[in-house]
Enquirer: 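Right, I'll just put the structure down here and ask away after.
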2 protein chains.
Amino acid sequence: MAGQNEQGNGAVNFLRDAIPRPQAGSASPCAACPVRDLSFCNALSDAELEHLNRVSSDVFLATGQSLFDEGAPADHVFNVTSGAMKIYKLLSDGRRQITGFLFPGDFLGLSTRDAYAYSAEAVCSTQLCRFNRQKLEHLLRDFPKVERRLLGIANDELALAQEQMLILGRKTAKEKIASFLLMLSRRAKKSGSQSNPIALPITRTDMADFLGLTTETVSRTITQLKSSGMITLLPGNEVRLENLETLEEMAEGE
Amino acid sequence: MAGQNEQGNGAVNFLRDAIPRPQAGSASPCAACPVRDLSFCNALSDAELEHLNRVSSDVFLATGQSLFDEGAPADHVFNVTSGAMKIYKLLSDGRRQITGFLFPGDFLGLSTRDAYAYSAEAVCSTQLCRFNRQKLEHLLRDFPKVERRLLGIANDELALAQEQMLILGRKTAKEKIASFLLMLSRRAKKSGSQSNPIALPITRTDMADFLGLTTETVSRTITQLKSSGMITLLPGNEVRLENLETLEEMAEGE
DNA sequence: GCTTGTCTTTGATATGTATCAAAGATGGTG
DNA sequence: CACCATCTTTGATACATATCAAAGACAAGC
């Protein structure tokens, strides 16, 4: 399994790697957070954020480092503040399905069960906010508008999950790659990043595990898109989408 | 497209087919509802349910009748009270991915957007509760515990969506069918119905569209499971699972 | 600058499922 | 009871993608 750290199982050592916040100071770290507007925190005012700050700490992960494994006790929830994460499920023979890539502002780890439903791992150097689950649940009772915000986020994720089921279940390899590139572009645009060219720090293997393909098929398909002038691969893991409208038609199977 | 009614587009005529509840009476229809314990309504007491009763009406659908189409204005949300629904997304060339089968107690139609993210259609004769979306949102503000219940439901659905992505993206046809039958059995058990044999009112085509296969592949695979003694097809659209443990190993690819 | 590990690409072949076609089964309606 | 539409099953063939193998590219470390 990729991403082993010294403990041998890739899991974060919560007693060491999570850094509690300084509680005093002129500006709350939550209020000053660069992704505050992108996540559930934006339901709270600066003053209210102080409550949130009290139940959060920072986690730093290196590339490939595990945040949690499927089945581990779901004691914390997380918000990505920088970098990127992948979440995935495994079959007993090692087959892996990546079920999402998470970027700054994304929330993960919420569960109604006692255990995490999936594993999470850093795609690159990543920083997250970590919240004790029980304390956060208490906070939600005090601030129902945050719970409402989380319900909205969950419903948006459900809609995206259904789009991904359509991709996985019905699209060809080329339609899948086109859809994936467009999704990254839309995602970057929505969060205020550059949407063309797009950053593509994701390996061909990870793309394959997300799209239900193999590494070779992803590579062949990207080469075809390159050869036909639809995309240009740039240094530094970036991809320029040369004709958005045609790519959208391609993604939709037209 | 299957399931056209007289209006030619399969959509429910809301001004005629939805029947408002009688507002007076000794027992609230919501309090008397057979699926009350299975759905979000169980967060409310009998007295509190009266508020819910005031914002709900009944919808009756025949087999194949559409509830709503993807992109239609999302003015209502629904709860299945009897029968079964399927929700799906379409590509422009007619390719269809069924993203869920819904049974009594299931909730559908909630969206943060102005339009439905998917289409919904009756698998068989089906009855649903219908709630005006804005009125329900007001009710959620008055009863945050219902919102909390909905958040829990959404998170459960997200976990199921990820399991389905693993199935769609990584499993073989036989693993898919085995997983599907087991899912129906678990679902029946959880809602107090008979879990073996299971009822299977779903056509091979609908199974195929849910599992990312074709009708013929589903049929061939079911025949293989039959021939190998894993299942027995019974009259009345029922299937007996002959060896749950072996079927679970098969579903998991062991 | 060289080595090494990892990732990507390309080539050749295999295969699971799709596609096309046709026959059989089933249930509803007249 | 017969007919018809729909669904299911089976057979034959095609093909998109997987699998296996090998070569090339790239980045990090010494």
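Labels below follow one simple rule: chain letters A, B, ... track the order of the sequence lines, proteins then strands, and each chain is numbered from 1.
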Enquirer: Mapping Thr172(A) and Thr203(B) onto DNA chain D by nearest heavy atom, which one lands closer to the 5' end?
Expert: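 By nearest-heavy-atom nucleotide position, the 5'-most residue is Thr203(B).
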
Enquirer: Please report, rounded to the nearest Å, how far the P atom of dA16(D) is from the NZ atom of Lys171(A).
Expert: 18 Å

Enquirer: Between dT10(C) and Thr223(A), is there an OP1 or OP2 to side-chain N/O distance shorter than 4.0 Å?
Expert: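 Yes, Thr223(A) has a side-chain N/O under 4.0 Å of OP1/OP2 on dT10(C).
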
Enquirer: Tell me whether the guanidinium CZ or amine NZ of Arg130(B) lies under 6.0 angstrom from the six-membered ring centre of Phe78(B) and within 45° of its axis.
Expert: no

Enquirer: Tell me whether Arg95(A) is salt-bridged to Glu175(B), with the criterion being a basic N under 4.0 Å from an acidic carboxylate O.
Expert: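 Salt bridge flag = yes for Glu175(B) with Arg95(A).
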
Enquirer: Should Thr217(A) be listed as having a side-chain N or O under 4.0 Å from OP1 or OP2 of dT17(D)?
Expert: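 Negative; the distance criterion is not met.
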
Enquirer: Rounded to the nearest angstrom, tell me the gap between atom NZ in Lys176(A) and atom C1' in dA18(D).
Expert: 12 Å

Enquirer: Over how many whole Å does the gap from Glu216(B) atom CD to dC7(D) atom P extend?
Expert: 13 Å

Enquirer: What integer distance in Å separates Leu200(B):CG from dC7(D):P?
Expert: 14 Å

Enquirer: Does this structure show an ion pair linking Glu238(A) with Arg240(A), if we count only N-O contacts that are shorter than 4.0 Å?
Expert: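 A salt bridge is absent here (no side-chain N lies under 4.0 Å from a carboxylate O).
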
Enquirer: Quick one: label Gly212(A) by what it contacts on the DNA or RNA (base, sugar-phosphate, nothing), any heavy atom closer than 4.0 Å.
Expert: sugar-phosphate

Enquirer: Start at the 5' end of DNA chain C and walk down; is the nucleotide closest to Arg220(B) or to Thr205(A) reached first?
Expert: Thr205(A)

Enquirer: Specify the separation, in whole Å, of atom CG of Leu168(B) and atom C1' of dG16(C).
Expert: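 It works out to 16 Å between those atoms.
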
Enquirer: So that I can tick it off, tell me whether Asp106(B) and Arg187(B) are bridged by a salt bridge, with the cut-off set at under 4.0 angstrom between side-chain N and carboxylate O.
Expert: yes

Enquirer: Check the distance between dT9(C)'s C1' and Met207(A)'s CE and give it to me in whole angstrom.
Expert: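 That distance rounds to 13 Å.
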
Enquirer: Looking only at side-chain atoms of Thr214(B), point me to the closest of dT19(C), dT9(D), dA18(D).
Expert: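 The answer is dT19(C), which lies nearest to the side chain.
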
Enquirer: At less than 4.0 Å, is any side-chain N or O atom of Ser219(A) found next to OP1 or OP2 of dT9(C)? Yes or no.
Expert: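 Yes, within the criterion.
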
Enquirer: When the distance from CG of Leu233(B) to P of dT8(D) is rounded to whole Å, what number comes out?
Expert: 11 Å

Enquirer: Do NZ/NE/NH1/NH2 and the carboxylate oxygens of Asp209(A) and Arg204(A) come within less than 4.0 Å?
Expert: no

Enquirer: Atom CD1 of Ile222(A) to atom P of dT10(C): distance rounded to whole Å?
Expert: 11 Å

